[in-house]
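Here is how names work: the chains are called A, B, and so on, in the same order as the sequence lines, proteins then strands, and each is numbered from 1.
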Amino acid sequence: MRKNLFNVGALFRGFSTTFSYIFKKKPTIEYPSVKKQHAPRFHGLHELRRYEDGKERCIGCELCAIACPANAITVMGAENAPEDRRSPGERYAASYEIDELRCIFCGLCEEACPTDAIVLTPRFEMADYRRGAFVYAKDRLLVPVEAGVGTPPDERPNGIPSDLGGVARAKDTVDITAGYEATNRGHILKKQTRGLAG
Amino acid sequence: MTVPIWLIVLIKAIVVLAVVITTFAYSMLFERKVMGWMQLRPGPNRVGPWGLLQPAADAVKMIFKEDLTPDTADPLIYRLAPFISLLCAMGAFAIIPFSANADGTLWAVGNVNAGILFVFALTSIGVYGISLAGWASGSKFPLLGSVRSTAQMISYELSMSMSVIGVLILTGSTALADIVNAQQRVWFIIPQIIGFVIYVITAVAETNRAPFDLVEAETELVGGFHTEYSGLRFGLFFIAEYLNMITVSCLATLLFLGGWNSPIPWLPSTGLMGLVWFLIKAGLFLFFYIWLRSTLPRFRYDRLMDFGWKVLFPVATLNLVITAVVVALMPHA
């Protein structure tokens, strides 16, 4: 004990360390206003892709649902009607639901998919007050036609997913709503929140 | 028409209180900011620009929280304890001189000729607030905290008083103004460096701050003496703790750092400039407190007692004896 108490050199080093830290650059990212740029293949919220001509890639084979270790995916396939073809194949997903509360974001669905229809995007802001809001159906999963149809999320201009792309330039304040424009999902979420409040 | 003396004192008291409370609020923010920087965080920055309104937000939070009293608590003493702490913490500011005019008029609410004794008496009574709070909470963690507080105070107040007596011998007076005036040429930190070091260490223990915050010791005792307190009553303890910090910083400035005497010989040390010097010195001392807190881990209980009794007390006594002998042998100038 005496040895430690009178080790003034160690005390001095400790004090100089803490003092020098005052002037160091702080690694904090001011989250809601500045967002971190995630790696392009970050495992976040899912997305259902389309072909260049706007047709859905999903053929309703349910392989993703079988591969899912968390049983988070429910797919109901249906035959394509000849006058209104949703996908190039015979079948398409009449309903496609992912329970994001069950999902463990492992990406096995991505690997199981024979047509690269289901992919994980780096989007991670999914918080909500209602359990039901975490069951994502096709209306929120399917990529809108105007948002880089045909390209996988990590090859789209401005990086991926459009609402996070190029976002984390430090000291940048990001207009979140503008970012969501590209995929429309932000608007849907916002509408739902309004419905809850009003 | 002359202004009655009680009115002058009242106005002075109100001004000092207002300034001190504001200082408390911003020393809290300052601490959180500096601690944050030292831990590579930006510190509070959400409320107002640079988090400047954080104290107001905290105050609102404290006021609106529920005021709980445990069933097993002694209701009267439980409610009384925070007020004892706060009253003693605030009372010390009644006699602390912040500056002086050229003609010797003090910038203080009252000039007590036994000033230093008054401050020590008040801080000693302030410990009762903590001890009683822990005792009256009727819960085991606060009880441990209050037992620790008592033991800690016994082992530290003695060394603290001893370290200060050296200054009193050099000055020959217990009035704070006399002590500052005696430091016009040489600050007492130079002849009394041992006393100063002991004072700094014991002052940290006295105010229950890290690394001597055994009374609160979040890791072991939840919150120590204030575990059961919530809302505004906890707030009172919080204010008392910070006011005590400010008090001992002011005392260190007055006793060892030359009070409002200018550190640069050709700059004036009276009036407003004196206040500025005083605030700078006390502020640096406050910063040192925060620096200490974010650098050193908490002492173990028995080691603290060991350190207090076996190191600080003998050294303080030795310092006192040497000072007394030197002063007695030196011819009076």
Partners of A/Phe23 by ring-ring contact (aromatic ring centres under 6.0 Å, His included), sequence neighbours excluded?
A/Phe19

Verify the neighbour count for atom CD of A/Glu90: are there more than 12 heavy atoms of other residues, nucleotides or ligands below 6.0 Å?
no

If you look at every heavy atom in A/Thr18 and B/Met38, which pair is closest and at what distance?
O-CG, 3.4 Å

More than 12 non-hydrogen atoms from neighbouring residues, nucleotides or ligands closer than 6.0 Å to OH on B/Tyr26, yes or no?
yes

Side chain / backbone / both / neither for B/Leu292 at chain A, heavy atoms under 4.5 Å
both

Flag side-chain contact, heavy atom, 4.5 Å: B/Thr295 against A/Thr17
no

Results of ring-ring contact (aromatic ring centres under 6.0 Å, His included) for B/Trp37 - residues two or more places apart only:
none

